[in-house]
Number of protein chains: 2
Amino acid sequence: MPSTAPKAASRPDVADLLCFAIYSTGHAFNRVYKPLLDELGLTYPQYLVMVALWAEDDQTVGQIGDRLFLESSTLTPLLKRLETLGFLTRSRDPEDERQVRLRLTDKGSSLRKKARDVGACIGEATGLQMEAAVKLRNEITKLRGHLMKAAK
Amino acid sequence: MPSTAPKAASRPDVADLLCFAIYSTGHAFNRVYKPLLDELGLTYPQYLVMVALWAEDDQTVGQIGDRLFLESSTLTPLLKRLETLGFLTRSRDPEDERQVRLRLTDKGSSLRKKARDVGACIGEATGLQMEAAVKLRNEITKLRGHLMKAAK
DNA sequence: TGCGATTAGATCGCGCACGATCTATATTCA
DNA sequence: TGAATATAGATCGTGCGCGATCTAATCGCA
């Protein structure tokens, strides 16, 4: 059975698809974030990496990848850009030379303060109360779980 | 106020963010779609354009852009690829030479039959009943409306 | 101990996605 | 009518995002 229902007997359009709602809302989030993150000199994926490191410093590339569901082929160049920007350092773990450890620089840590209002601005832009936002987030996260199980 | 709530007094992580739920679920959808669309020779954005044209043939680049919320800088190369693949034709409208009209070829039209089960497979992968999927889609679409208003 | 298998990142090619800018056509209205 | 303006796409540069592949380090186990 289809994931969404067309309004009438006509052919389904993109607007009927749940996947398109997700897809286009992701872009919409990006457009709201852009001017805010431009102030910080970050792109949205870079911002996510910084949030992950602000939550817990000194993680490996693999750990960040697990949290953000991204491959090393995506992360490596992104992390090099963050390193060039001076927000973090990348260095091989002496205990296991295969791993690369990511550590915030002072500049990277202090950026957190400047990023304070970003979350607030985004929260406002959603037009949702905190409770509704949490509820929606949980439903979408559950959906993601199903999809990831389906994709093996 | 923040759009999401951290579980405790610790620093918020990416998993707490509504935007990240959307972002990562979009990727998860893509991973489920990939093997199905590979059969058709389409990428996911290309598939969306085809869905839009199956719903209504002979649209302009601008109309497709309005429906998918994409810029011409994204669509022009994508549409050229669909043209090269033989699924549609691009031609200037004689009534208004600024516009480019997109028309399905026979190959493009008949692809619709082959794409029939894709929707069903995706529906299953969501783990949602039709009703729940529609409800969630509507909530996310509403969220997109708020975000787009905020991004002016 | 040493060799095959596994793991962690890095590299490469391709296709989005967008902002900035350019060209060509169409519209407006002085 | 003709010059200023507006509109529709196209082009270009940058940064994801991923599959496929590569390299180097570690592990497993005979």
Asker: Reckon B:Arg90 has a side-chain N or O less than 4.0 Å from the OP1 or OP2 of D:dA10?
Answerer: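 B:Arg90 to D:dA10 OP1/OP2: side-chain N or O found under 4.0 Å.
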
Asker: In whole angstroms, how far is the P atom of D:dC16 from the CG atom of A:Asn30?
Answerer: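 For the pair A:Asn30 CG and D:dC16 P, the rounded distance is 10 Å.
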
Asker: Which heavy atom of A:Leu102 sits nearest to which heavy atom of A:Ile64, and what is that distance?
Answerer: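 Shortest heavy-atom separation between A:Leu102 and A:Ile64 comes out as CD1-CG1, 3.8 Å.
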
Asker: Does the side chain of A:Leu104 come within less than 4.5 Å of A:Met50's, by heavy atoms?
Answerer: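 They are in side-chain contact.
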
Asker: Going 5' to 3' through nucleotides 14-23 of chain C, assign each nucleotide B (protein heavy atom under 4.0 Å from a base atom), S (under 4.0 Å only from sugar-phosphate atoms) or - (no protein heavy atom that close).
Answerer: -SSBBBB---

Asker: Less than 4.0 angstrom from a charged side-chain N to a carboxylate O is my criterion; do B:Arg101 and B:Glu95 meet it?
Answerer: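 Salt bridge: no.
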
Asker: Taking 4.0 Å as the cut-off, does a side-chain nitrogen or oxygen of B:Lys80 come that near to OP1 or OP2 on D:dT11?
Answerer: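 For D:dT11, OP1 or OP2 has a side-chain N or O of B:Lys80 closer than 4.0 Å.
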
Asker: Taking DNA chain D as the partner, which of residues 54-65 of chain B come within under 4.0 angstrom of it by heavy atom?
Answerer: B:Thr60, B:Val61, B:Gly62

Asker: So A:Asp96, base contact, sugar-phosphate only, or nothing? Heavy-atom distance under 4.0 Å.
Answerer: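 The residue A:Asp96 makes sugar-phosphate contact but no base contact.
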
Asker: If only atom types and distance count, is the side chain of B:Thr60 paired as donor or acceptor with the main-chain N or O of B:Gln99 below 3.5 Å?
Answerer: no

Asker: Flag the pair A:Arg90 and A:Glu83 as a salt bridge only when some basic side-chain nitrogen lies within less than 4.0 angstrom of an acidic carboxylate oxygen.
Answerer: yes

Asker: Do A:Phe29 and B:Tyr23 make the cut of ring centroids closer than 6.0 angstrom?
Answerer: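 Not close enough - the centres of the two rings lie 6.0 Å or further apart.
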
Asker: Would you kindly give the CG-to-C1' distance between B:Leu37 and D:dG19, to the nearest whole Å?
Answerer: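 Checked: the CG to C1' distance equals 15 Å.
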
Asker: Decide yes or no for A:Thr43 and A:Tyr33: does some side-chain heavy atom of the first lie under 4.5 Å from some side-chain heavy atom of the second?
Answerer: no

Asker: Contact class for A:Arg101 vs. all strands (heavy atom < 4.0 Å): base, sugar-phosphate, or nothing?
Answerer: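 No contact at all - A:Arg101 keeps every heavy atom at 4.0 Å or more from the nucleic acid.
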
Asker: Within this structure, what is the CZ-to-P distance between A:Arg98 and D:dC22, rounded to whole angstrom?
Answerer: 20 Å

Asker: Is it true that B:Arg67 and B:Glu56 make a salt bridge, defined as a side-chain N closer than 4.0 Å to a carboxylate O?
Answerer: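 Yes, B:Arg67 and B:Glu56 are salt-bridged.
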
